[in-house]
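The block underneath contains the structure these notes are about, expressed in structure tokens.
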2 protein chains.
Amino acid sequence: MKDIKHFLRQNSLRPTKQRVIIANYLFDGVNKHVTAETLSNKLLKMKAGISLATIYNTLHDFYEKGLLKKLMINSERVYFDTNTEHHHHFYSKKDQKLIDINVDMKVSGLPKPPKNKKINKIEVLVHLDN
Amino acid sequence: MKDIKHFLRQNSLRPTKQRVIIANYLFDGVNKHVTAETLSNKLLKMKAGISLATIYNTLHDFYEKGLLKKLMINSERVYFDTNTEHHHHFYSKKDQKLIDINVDMKVSGLPKPPKNKKINKIEVLVHLDN
DNA sequence: TATCAGTTTAGAACGATTCTAATGTATTGA
DNA sequence: TCAATACATTAGAATCGTTCTAAACTGATA
């Protein structure tokens with residue numbers, strides 16, 4: 001709690017009740033992939049009465065401060081990842097679940113980027129069958 | 001025209017006026033990335049009065065028949081790719097533009113997939129800076 | 001502790017997409 | 001060829017994730 005408030009302040013975020021609850025959940029040491037919906041469900045179970053608007057605001061605020069990564073997994077909703085290190089994912093469409101790939105992978109055979117463009121990062125998504 | 005009608009029939013799609021126009025544009029030999037919106041704009045310029053509903057229906061029908069690939073690029077809209085071969089992409093967020101990577105790339109260092117899961121396909125997205 | 005900038009909220013608005021149900025059209029088979 | 005019918009198209013309504021609005025609230029500051 002104390003440290004979460006610190007943590008929020010360090011990131012220029014006012015440690016409001018709602019942000020503290022959400023940050024405590026998201027940054028508990030276990031990496032997570034959440035959407036506004038899954039986070040809302042989790043918070044409902046915790047009986048934290050936090051409005052959807054605040055959930056969206058907070059995810060966005062945390063993202064702006066670099067505390068969350070935005071993932072482009074599907075076109076139906078936005079996924080946020082508490083693991084902000086560069087890493088890759090397994091994705092099971094069937095389970096609608098993402099799994100971190102934390103080992104180093106190398107991509108070889110990459111062509112030159114188009115004129116005047118620079119490669120920012122390489123993202124590998126490994127689709128699972130079942 | 002004749003061949004497009006054939007092509008549609010071969011894929012169990014009734015060659016209606018609208019489908020012929022859209023297929024002629026999409027499958028003209030040049031690979032394309034389209035969204036319902038970009039396709040609609042293109043059709044407007046061609047003065048083809050095709051309703052948005054039909055554009056969505058047609059993209060979906062073509063996708064169902066395997067004539068288009070769905071891309072998961074961002075969460076704001078759905079991208080369809082006329083290149084249905086397995087390939088990768090450069091993506092410029094700034095330009096909202098995708099560029100095919102048609103050379104063979106290899107990903108090494110991939111960990112084993114989770115228990116009981118099989119790798120379906122590996123997708124590499126190379127983000128460009130500018 | 002009063003002030004005030006920043007935050008939360010319910011509900012409205014928005015934008016991409018899907019649905020509905022009425023109208024239109026390609027196919028079929030007599 | 002033409003009628004019947006199964007499939008397509010369409011405008012507009014509905015849906016759903018997300019963002020916006022503007023009023024009420026609260027943490028920080030002096």
Side-chain angles (χ1 to χ4, degrees), chain A residues 1-2 4-25 33-44 46-65 67-68 70-80 96, chain B residues 1-2 4-25 33-44 46-65 67-68 70-80 96:
Chain A
M1 338 252 92
K2 197 74 202 184
I4 279 288
K5 287 193 180 182
H6 249 94
F7 171 75
L8 290 172
R9 261 193 278 263
Q10 273 165 8
N11 287 282
S12 324
L13 291 164
R14 215 183 258 187
T16 62
K17 195 158 48 110
Q18 297 78 184
R19 284 178 179 163
V20 166
I21 291 168
I22 294 175
N24 258 316
Y25 167 64
H33 306 108
V34 302
T35 66
E37 197 195 3
T38 64
L39 179 53
S40 171
N41 289 156
K42 186 62 76 174
L43 293 169
L44 279 176
M46 297 164 103
K47 305 218 184 289
I50 299 181
S51 77
L52 239 200
T54 298
I55 290 169
Y56 276 102
N57 288 341
T58 303
L59 286 172
H60 193 254
D61 294 343
F62 287 4
Y63 169 70
E64 293 283 277
K65 299 301 180 184
L67 306 178
L68 293 174
K70 226 184 238 181
L71 301 180
M72 309 199 289
I73 295 306
N74 72 36
S75 314
E76 281 138 44
R77 73 200 85 254
V78 175
Y79 284 77
F80 289 93
Q96 290 265 307
Chain B
M1 339 249 89
K2 197 73 201 185
I4 279 289
K5 287 193 180 182
H6 247 95
F7 171 76
L8 290 172
R9 260 191 280 263
Q10 273 165 6
N11 286 283
S12 324
L13 291 163
R14 219 182 254 188
T16 63
K17 196 158 49 108
Q18 297 76 186
R19 283 178 180 166
V20 167
I21 292 169
I22 294 175
N24 258 316
Y25 168 65
H33 306 109
V34 303
T35 66
E37 197 195 2
T38 65
L39 180 54
S40 171
N41 288 155
K42 186 63 77 174
L43 294 169
L44 279 176
M46 297 163 103
K47 304 217 184 288
I50 300 180
S51 78
L52 240 200
T54 298
I55 290 170
Y56 276 103
N57 288 342
T58 302
L59 287 171
H60 193 255
D61 294 342
F62 287 5
Y63 169 71
E64 294 283 276
K65 300 300 180 184
L67 306 178
L68 293 173
K70 228 185 237 178
L71 301 180
M72 308 198 289
I73 294 307
N74 72 36
S75 314
E76 279 137 46
R77 72 199 85 255
V78 176
Y79 284 78
F80 290 93
Q96 289 266 309

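By convention in this document, chain letters (A, B, ...) are assigned in the order of the sequence lines, proteins followed by strands, and residues within each chain are numbered from 1. The figures that follow rest on heavy atoms only: side chains count, while hydrogens, waters and symmetry mates do not.
- With a 4.5 Å cut-off on side-chain heavy atoms, A:Leu59 and A:Val34 count as touching.
- Look at NZ on B:Lys17: it is 10 Å from C1' on D:dT9, rounded to the nearest Å.
- Between B:Tyr56 and B:Thr16, the one whose closest nucleotide on DNA chain C sits nearer the 5' end is B:Tyr56.
- At the phosphate of D:dG27, neither OP1 nor OP2 sits under 4.0 Å from any side-chain N or O atom of A:Arg19.
- Looking at heavy-atom distances under 4.0 Å, B:Arg77 makes contact with sugar-phosphate atoms alone, never a base.
- Summarising the geometry, atom NZ belonging to B:Lys5 is positioned 10.5 Å from atom CG belonging to B:Asn24; distances are rounded to the nearest 0.5 Å.
- Contact check, B:Thr54 against D:dT9: no side-chain N or O comes under 4.0 Å of OP1 or OP2.
- Within the 4.5 Å cutoff, the side chain of A:Phe62 has heavy atoms near those of the A:Leu8 side chain.
- Contact of the A:Gln96 side chain with the A:Asn74 side chain is registered, since non-hydrogen atoms from C-beta on lie closer than 4.5 Å.
- For the pair B:Arg14 CZ and D:dA8 P, the interatomic distance rounds to 5 Å; values are reported in whole Å.
- The nucleotide whose nearest atom lies closest to any side-chain atom of B:Asn57 is, among D:dA11, D:dG27, D:dT9, D:dT9.
- Between the two ends of the helix from C:dT1-D:dA30 to C:dA30-D:dT1, each summarised by a five-pair axis, the helix axis turns through 30° (rounded to 10 degrees).
- Interatomic distance, OH of A:Tyr25 versus CE of A:Met46, reported as 7.5 Å (0.5 Å rounding).
- Atom CG of residue A:Asn11 and atom CZ of residue A:Arg19 lie 11.0 Å apart, to the nearest 0.5 angstrom.
- Backbone-only engagement by A:Glu76 is indicated by non-hydrogen atom pairs under 4.0 Å involving sugar-phosphate atoms exclusively.
- Note: CG (A:Leu39) to P (D:dG17) measures 15 Å, nearest angstrom.
- Whole-Å rounding puts the A:Phe80 CZ to D:dT18 P distance at 8 Å.
- Note that the first and last nucleotides of DNA chain C, 5' to 3', having any atom under 4.0 angstrom from a heavy atom of chain B are C:dA16 to C:dT27.
- The CG atom of A:Asn74 sits 12 Å away from the C1' atom of D:dG17 (whole-angstrom rounding).
- D:dG17 atom C1' lies 14 Å from atom CG of A:Asn41, rounded to whole Å.
- Taking only side-chain nitrogens and oxygens, B:Gln18 comes nearer than 4.0 Å to OP1 or OP2 of D:dT10.
- Remark: A:Leu67 CG to A:Phe80 CZ distance equals 11.5 Å, nearest 0.5 Å.
- The two residues B:Thr38 and B:Thr35 make their nearest non-hydrogen contact at OG1-N, 2.9 Å.
- Rounding to the nearest 0.5 Å places CD1 of B:Ile22 at 9.5 Å from CG of B:Asn57.
- Atom pair A:Ile55:CD1 and D:dC20:P shows a separation of 17 Å (rounding to whole Å applied).
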